[in-house]
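Here's the structure, in structure tokens; my notes come after.
Quick note: residue numbers are just sequence positions, from 1. Whatever order the structure lists ligands and atoms in, that order sets their numbers, starting from 1. Side chains included, hydrogens not; waters and symmetry mates left out as well; all remaining heavy atoms used.
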Amino acid sequence: MHHHFHNPVKTVGGIGALAALPGLLGERSAVLLTFPEAESLGFVALLRKMLGYRLAAVFDGIAPNPDIAELSVLYPQVWQHDGAEVLIALGGGSVIDTAKAMLPGTASGRFDEIAALLRDGAAVEFPRRKTLIAVPTTAGTGSEVTPWATVWDRELQRKHSLHLPAITWPEAAVVDPKTMQQLPQAVTLQSGLDALSHALEAIWNRNANAVSDALAVAAAREILATLPALHRQPQDLQLREAMALAALKAGLAFSNTRTALAHSLSYPMTLRLGLPHGIACSFTLPQVARLAIGRDAARDAVLAQALGPLHDAPTRLEAFLRDLGVKTNFSDYGIGDSEAAAMFDEALRGDRGRNFIGVAA
Ligand SMILES: NC(=O)c1ccc[n+]([C@@H]2O[C@H](COP(=O)([O-])OP(=O)(O)OC[C@H]3O[C@@H](n4cnc5c(N)ncnc54)[C@H](O)[C@@H]3O)[C@@H](O)[C@H]2O)c1
Ligand SMILES: [Zn+2]
């Protein structure tokens, strides 16, 4: 069997990697998108100093979980700077996905065409585009190496995925654990569990291949070994570096496979209950593992590399999550058995759920 693996994102990683940013930008002009705390943490001043006149504007109010309504307001403000060819997204998945949604340049100069594409699949031509350099400050979503953005639609209670391969792949990703050192403990945990979910979902996935498997196995093992220690010592830069690299590997793995059942189950939990993405897509991992194990001998072999002996792997995964304070039953979140069963049915039919190896093709 041949494998096909493709990822065009140039990555620069390691402690102090942020110093590579001016070189990656070159002589181009950029707009910085970042999260509200970036100013007080000193990142905005640092980037102004590093980039000088090349930094045309800064938008530092980007909130979690970008929504069509918020993106519609931000879009024309960003495109006002039409001489700025590059967007620099310094932040978590929310900032990176917000920036991805700003990349296509619409004929009207408004977000409307992109909203129509997301909501109705309308055919849209984009006469212009911007380019993205992503600097993830969580470890994390892997959005710095994936071609899609999660766009929330609270008005219609839906979650969309913006995926325009010619436009939404980042050009480069700068993964510097120093930008993650002040990340609050709760976000460190949530984003780390999101990365674990990406790794496992890349394995119990119809689109898995030998390269995605190698990345996903390494990522899962490293996250299982690192996250509890980092939870206790959030300032430890070596642990931050290990998690940053593991999350990057998980991102590279699922950039080719996409996610599967645990993610499909997560979206209603976030939309309905406001559960953070990283908890919503990881609290079901033991249950999803139980469904995955025994389906396919080759997948089992790879899962065993990631999780150890499979007979008690779901139980160990449960203990891992509970030790980190994550509840693993739907009932813990106020969802009864019949409602949970209905959510599984719905999730298996969903776009991501169909990637799961436990579903009939
Ligand atoms: N595109 C993809 O491939 C992909 C994959 C997974 C998740 N996502 C999306 O990413 C979003 C979640 O992203 P996330 O988990 O990275 O969290 P986030 O970007 O939503 O950030 C969480 C919180 O942490 C703060 N924060 C971020 N970095 C910080 C830092 N260095 N120091 C202090 N505070 C900081 C933010 O301001 C925010 O309040 C969700 O919307 C999810 O759907 C996208
Ligand atoms: Zn995720």
Side-chain angles (χ1 to χ4, degrees), residues 7 9 18 33-44 46 60-67 70-71 89-101 103 132 134-154 159-163 168-170 173 175-202 219 234-235 240 243-244 247-248 250-267 269-271 274-282 284-285 352:
N7 194 299
V9 184
L18 194 59
L33 301 181
T34 190
F35 56 102
E37 301 90 330
E39 167 96 66
S40 60
L41 289 170
F43 291 127
V44 175
L46 179 65
D60 65 356
I62 312 297
N65 296 339
D67 186 272
E70 296 151 7
L71 295 172
L90 177 114
S94 296
V95 171
I96 299 173
D97 285 5
T98 296
K100 284 178 178 171
L103 294 174
L132 176 62
V135 185
T137 62
T138 63
T141 67
S143 182
E144 67 278 9
V145 288
T146 70
W148 45 76
T150 302
V151 175
W152 299 88
D153 191 342
R154 285 186 272 272
K159 166 259 166 195
H160 307 287
S161 188
L162 177 68
H163 184 201
T168 47
W169 277 107
V175 186
D176 185 344
K178 274 190 170 171
T179 68
M180 303 167 188
Q181 222 172 353
Q182 305 305 323
L183 192 64
Q185 195 187 37
V187 186
T188 302
L189 176 64
Q190 290 154 17
S191 47
L193 292 175
D194 186 21
L196 177 63
S197 185
H198 296 155
L200 295 177
E201 297 248 275
Q235 297 287 331
R240 287 273 178 208
M243 259 313 292
L248 178 67
L252 288 166
F254 94 99
S255 75
N256 276 241
T257 62
R258 305 187 180 206
T259 52
L261 179 57
H263 272 71
S264 196
L265 282 164
S266 79
Y267 301 122
M269 296 298 283
T270 297
L271 279 167
L275 210 56
H277 174 72
I279 304 298
C281 71
S282 64
T284 57
L285 287 174
R352 299 298 190 244

Which ligand 1 atoms are under 4.0 Å away from a heavy-atom of [X]?
{"X": "Asp194", "result": "6 (C), 7 (C)"}
{"X": "Leu41", "result": "32 (N), 33 (C)"}
{"X": "Thr150", "result": "43 (O), 44 (C)"}
{"X": "Thr137", "result": "27 (C), 28 (N), 29 (C), 31 (N)"}
{"X": "Gly92", "result": "16 (O), 19 (O)"}
{"X": "Thr146", "result": "1 (N), 2 (C), 3 (O)"}

* **Angle at the Zn ion (ligand 2) (to 10°), with one arm to NE2 of His277 and the other to NE2 of His263** =>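 So the angle at the metal works out to 100°.
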
Closest protein heavy atom to [atom], given as residue, atom name and distance to 0.1 Å:
{"atom": "atom 29 (C) of ligand 1", "result": "Leu183 CD1, 3.2 Å"}
{"atom": "atom 42 (C) of ligand 1", "result": "His277 CG, 3.7 Å"}
{"atom": "atom 31 (N) of ligand 1", "result": "Thr179 O, 3.0 Å"}
{"atom": "atom 37 (O) of ligand 1", "result": "Glu37 OE1, 2.7 Å"}
{"atom": "atom 38 (C) of ligand 1", "result": "Pro64 CG, 3.8 Å"}
{"atom": "atom 40 (C) of ligand 1", "result": "Asn65 OD1, 3.2 Å"}
{"atom": "atom 22 (C) of ligand 1", "result": "Val187 CG1, 3.8 Å"}

Looking only at N/O atoms, are [X] and ligand 1 under 3.5 Å apart anywhere?
{"X": "Asp97", "answer": "yes"}
{"X": "Ser94", "answer": "yes"}
{"X": "Phe254", "answer": "no"}
{"X": "His263", "answer": "no"}

* Does ligand 1 have an atom that lies less than 4.0 angstrom from a heavy atom of His198? -> yes

* Asked: With a 4.0 Å cut-off on heavy atoms, is Pro184 touching ligand 1?
  ->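 In this structure, Pro184 qualifies as a contact of ligand 1 - some heavy atom is under 4.0 Å.
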
* Asked: Name the one of Leu252, Val145, Thr146 that satisfies side chain to side chain contact (heavy atoms under 4.5 Å, CB included) with Val9?
  ->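 Going through the options one by one, the only one that passes is Val145.
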
When rounded to the nearest 0.5 angstrom, what distance separates [atom1] in [X] from [atom2] in [Y]?
{"X": "Leu196", "Y": "Glu201", "atom1": "CG", "atom2": "CD", "result": "10.0 Å"}
{"X": "Arg258", "Y": "Arg352", "atom1": "CZ", "atom2": "CZ", "result": "5.0 Å"}
{"X": "Arg154", "Y": "Asp67", "atom1": "CZ", "atom2": "CG", "result": "4.0 Å"}
{"X": "Ser94", "Y": "Leu33", "atom1": "OG", "atom2": "CG", "result": "12.5 Å"}
{"X": "Thr34", "Y": "Ile96", "atom1": "OG1", "atom2": "CD1", "result": "10.0 Å"}
{"X": "His263", "Y": "Thr150", "atom1": "NE2", "atom2": "OG1", "result": "8.0 Å"}

Counting heavy atoms only, which part of [X] comes closer than 4.0 Å to ligand 1: side chain, backbone, both or neither?
{"X": "Trp148", "result": "both"}
{"X": "Ile96", "result": "neither"}
{"X": "Thr141", "result": "both"}

* **Nearest heavy atoms of Gly278 and Leu193, plus distance in Å** =>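 Between these two residues, the closest heavy atoms are O-CB, 3.8 Å.
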
* **Taking every non-hydrogen atom, the tightest pair across Leu183 and Thr188** =>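 Heavy-atom minimum between the residues: O-OG1, 3.3 Å.
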
Do any N or O atoms from the side chain of [X] and from the backbone of [Y] form a donor-acceptor pair under 3.5 angstrom?
{"X": "Gln181", "Y": "Gln235", "result": "yes"}
{"X": "Lys100", "Y": "Ser143", "result": "yes"}
{"X": "Arg240", "Y": "Met180", "result": "yes"}

* To do: Assess the side chains of Lys159 and Thr270: does a donor N or O sit below 3.5 Å from an acceptor N or O?
  =>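 No - no donor-acceptor pair under 3.5 Å links their side chains.
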
* To do: Hey, can you tell me if His277 and His198 have their rings parallel, tilted or perpendicular (30° and 60° cut-offs)?
  =>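 Because their plane-to-plane angle lies in the 30° to 60° range, the rings of His277 and His198 count as tilted.
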
* Asked: Considering only N, O or S atoms, which atom of Asp194 is nearest to the Zn ion (ligand 2)?
  -> OD1

